Amino acid sequence: MSIDPNVDPYGYLGMVRNSDGSITRLQKPLVPIDTSNDLSHLVVTKDITINSSKNTWARIILPRDLLHSTTNTPKLPLVIYFHGGGFIVATVDSPSFQGLYASIASEIPAVVVSIEYRQAPEHRLPAAYDDCMEALHWIKNKPDELLSNHADFSKCFLMGTSAGGNVVYHVGLRAAESWDNLKPLEIKGLILNQPFFGGNERTQSEVRLSNDKVLPPIISDIMWDLGLPKGADRDHEYSNPMVGIESNPNLLDQVKLLGWKMLVTGCDGDPLIDRQVDLVKVLKELGVQVEGSFTQGFYHGSEIIDPLKAKEFSLLVKELIRHF
């Protein structure tokens with residue numbers, strides 16, 4: 001029986017909050033998965049350690065037919081993926097993400113590298129950003145022959161879902177400032193799939209969907225409380241990108257100079273949509289090459305639960321990558 005996040009939010013997240021403010025993890029939260037359209041047979045995966053001292057690692061996912069091709073096939077675009085989970089739950093290995101990896105790798109087609117980063121509250125932000133930035137430097141050194149043989153390092157895209165979309169934004173800003181140190185990795189675009197952002201003041205969509213059964217504001221509040229630096233509120237720049245932009249109007253200058261494209265996706269069944277739409281609006285006003293793709297209905301995380309939405313999203317990304 002599923003747990004109502006509005007009644008038992010910590011139980012919904014698979015944890016208990018202790019009297020001292022710490023948490024005890026009970027189980028991995030159960031996300032319903034549609035296995036009627038399993039794509040695992042279309043891909044090959046390989047897991048590799050990035051930093052054993054931090055227990056960070058990566059999963060490489062690539063189309064199976066690429067390895068079995070007898071012709072000299074061209075290298076594929078490289079998609080570096082950051083998973084969701086509000087910075088406190090889920091891993092690269094979570095069953096709910098496997099279908100999306102396979103869809104992206106097979107539909108585009110592309111070589112996908114999904115990065116495992118440390119979780120909060122044991123490791124609060126910016127730990128996840130630090131780990132994902134370290135992963136970019138690890139990837140640039142071509143740590144595995146699957147990458148050196150099959151990935152086109154001159155066509156790299158950072159992609160993330162939910163909290164992973166937040167990571168794409170912040171790591172993208174860091175990467176833009178140090179782009180020369182990442183060569184031969186050349187980032188061409190940032191793809192924010194239903195990015196997880198917040199703020200102290202509720203938006204209209206958060207009020208309208210206050211009793212949402214997937215990501216109600218009460219769950220987002222807990223995620224930020226556990227994920228942000230101690231003492232920070234939801235108007236910290238990590239959660240509220242508008243704060244960072246207002247304090248530094250030149251924040252996106254390097255992204256513009258490099259000519260990176262940005263794609264932000266969302267749906268109006270997600271309490272976060274107003275924040276996503278507002279970000280696109282502000283980025284456009286700043287002159288960033290950004291497109292917003294917002295659909296009617298659905299819910300937060302629909303691309304990792306619904307195979308048809310995963311395919312739809314993959315084809316949207318394919319259209320972006322096709323221009324490079």
Side-chain angles (χ1 to χ4, degrees), residues 28 43-62 76-105 108 110-120 122-144 146-148 150-153 155-176 178-179 181-182 184-196 227 238 301 303-304 313-314 317:
K28 292 180 180 177
V43 297
V44 171
T45 67
K46 182 176 183 179
D47 296 347
I48 310 176
T49 297
I50 296 176
N51 186 330
S52 56
S53 69
K54 296 178 180 177
N55 202 25
T56 56
W57 55 281
R59 173 164 296 169
I60 301 172
I61 307 103
L62 68 167
L76 299 180
L78 175 60
V79 174
I80 300 174
Y81 182 84
F82 308 123
H83 67 77
F87 301 108
I88 63 170
V89 295
T91 70
V92 166
D93 205 29
S94 295
S96 53
F97 293 116
Q98 309 313 309
L100 183 59
Y101 301 155
S103 179
I104 294 164
I108 292 175
V111 174
V112 179
V113 184
S114 185
I115 307 301
E116 183 63 10
Y117 51 84
R118 289 170 295 169
Q119 288 184 341
E122 296 85 354
H123 305 281
R124 291 173 176 267
L125 291 173
Y129 306 150
D130 295 342
D131 293 348
C132 292
M133 196 66 204
E134 181 181 26
L136 297 187
H137 286 279
W138 174 80
I139 290 169
K140 81 171 185 184
N141 293 320
K142 303 185 179 180
D144 188 86
L146 288 179
L147 293 177
S148 54
H150 301 294
D152 183 348
F153 277 57
K155 285 185 185 174
C156 174
F157 298 83
L158 305 187
M159 176 195 293
T161 298
S162 191
N166 176 298
V167 172
V168 168
Y169 179 78
H170 289 288
V171 170
L173 290 175
R174 289 192 191 184
S178 60
W179 65 275
N181 291 327
L182 288 170
L185 203 61
E186 292 183 33
I187 296 168
K188 299 295 185 185
L190 308 177
I191 301 161
L192 288 65
N193 171 222
Q194 295 188 316
F196 181 53
Y238 293 163
E303 286 85 357
I304 65 169
F313 172 67
S314 300
V317 173

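The chain is numbered in sequence order, starting from 1. Not measured: the values here are computed from a predicted model.
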Q: State the CD1-SG distance between Ile50 and Cys132, to the nearest 0.5 angstrom.
A: 8.0 Å
Q | Exercise: identify the closest heavy-atom pair between Ala163 and Gly86 | A | CB-N, 3.5 Å
Q: List in chain and number order the residues that pass side chain to side chain donor-acceptor pair (under 3.5 Å) with Tyr238, two or more places apart in sequence or in another chain; answer none if no residue qualifies.
A: none
(Q) In the structure I gave you, are the side-chain heavy atoms of Val92 and Ser114 within less than 4.5 Å of one another anywhere? (A) yes
Q) Can you check whether Val79 reaches Val111 side chain to side chain, under 4.5 Å on heavy atoms? A) no
Q: Indicate yes or no: at least one non-hydrogen side-chain atom of Tyr169 is less than 4.5 angstrom from one of Leu192.
A: yes
Q. How close do Ala90 and Gly85 get, heavy atom to heavy atom, and via which atoms?
A. CB-CA, 4.1 Å
Q.
With a 3.5 Å distance limit and no angle check, can you tell me whether Asn51 reaches the backbone of Ser53 through a side-chain donor-acceptor pair?
A. yes
Q) So how far is it from Glu122 CD to Ile88 CD1, rounded to the nearest 0.5 Å? A) 9.5 Å
Q: Please confirm whether the backbone N or O of Ser52 pairs with a side-chain atom of Thr56, one donor and one acceptor, at under 3.5 Å?
A: no
Q | Considering all heavy atoms, the nearest Ala58-Val113 contact | A | CB-CG1, 3.8 Å
Q.
When you compare the side chain of Ile115 with that of Ile139, does any pair of heavy atoms fall below 4.5 Å?
A. yes
**Q.** Gap between atom CG of Leu185 and atom NZ of Lys142 - 0.5 Å precision
**A.** 9.5 Å
(Q) Any non-hydrogen side-chain atom of His150 less than 4.5 Å from a side-chain atom of Asp144? (A) no
**Q.** salt bridge (charged side-chain N to carboxylate O under 4.0 Å, His left out) partners of Arg124, counting only residues at least two apart
**A.** none
Q | Among Val171, Ile80, Leu158, the one residue meeting side-chain contact (heavy atoms from CB on, under 4.5 Å) with Ile187 | A | Leu158
(Q) I want to check something: taking the side chain as every heavy atom from C-beta on, are Met159 and Phe82 in contact at a cut-off of under 4.5 Å? (A) no
Q) Distance from Ser162 atom OG to Gln194 atom CD, nearest 0.5 Å? A) 7.5 Å
Q.
So, using ring-ring contact (aromatic ring centres under 6.0 Å, His included) as the criterion, who are the partners of Phe153 when residues are at least two apart?
A. none
Q | Asn166 (side chain) donor-acceptor with Pro195 (main chain) under 3.5 angstrom | A | no
**Q.** Euclidean distance, Cys156 SG relative to Leu78 CG, rounded to 0.5 Å
**A.** 4.5 Å
Q) According to the interplanar angle, ranging from 0 to 90°, do the rings of Tyr101 and Tyr81 count as parallel (below 30°), tilted (30 to 60°) or perpendicular (above 60°)? A) perpendicular
Q. From Leu146 CG over to Ile60 CD1, what is the distance, rounded to the nearest 0.5 angstrom?
A. 5.0 Å
**Q.** Residues forming a salt bridge (charged side-chain N to carboxylate O under 4.0 Å, His left out) with Asp152, sequence neighbours excluded
**A.** none
**Q.** Any side-chain heavy-atom pair of Leu182 and Met133 under 4.5 Å
**A.** yes
Q.
Once you measure the plane-to-plane angle for Tyr129 and Phe87, does it fall in the parallel (<30°), tilted (30-60°) or perpendicular (>60°) bin?
A. perpendicular
Q.
Centre-to-centre under 6.0 Å for His83 and Tyr117, is that the case here?
A. yes
Q.
Within the structure provided, determine whether Glu303 and Phe97 are in side-chain contact (heavy-atom separation under 4.5 Å).
A. no
**Q.** Residue pair Asp93 / Thr91, side-chain donor-acceptor N/O under 3.5 Å
**A.** no
Q) Got a sec, which residues hit salt bridge (charged side-chain N to carboxylate O under 4.0 Å, His left out) with Lys140, two or more places apart in sequence or on another chain? A) none
Q: Apply salt bridge (charged side-chain N to carboxylate O under 4.0 Å, His left out) to Asp131 and list each qualifying residue two or more places apart in sequence or on a separate chain.
A: Lys54, Arg118
(Q) Counting only heavy atoms from other residues, nucleotides and ligands, does the tally under 6.0 Å from CG of Asn55 exceed 12? (A) no
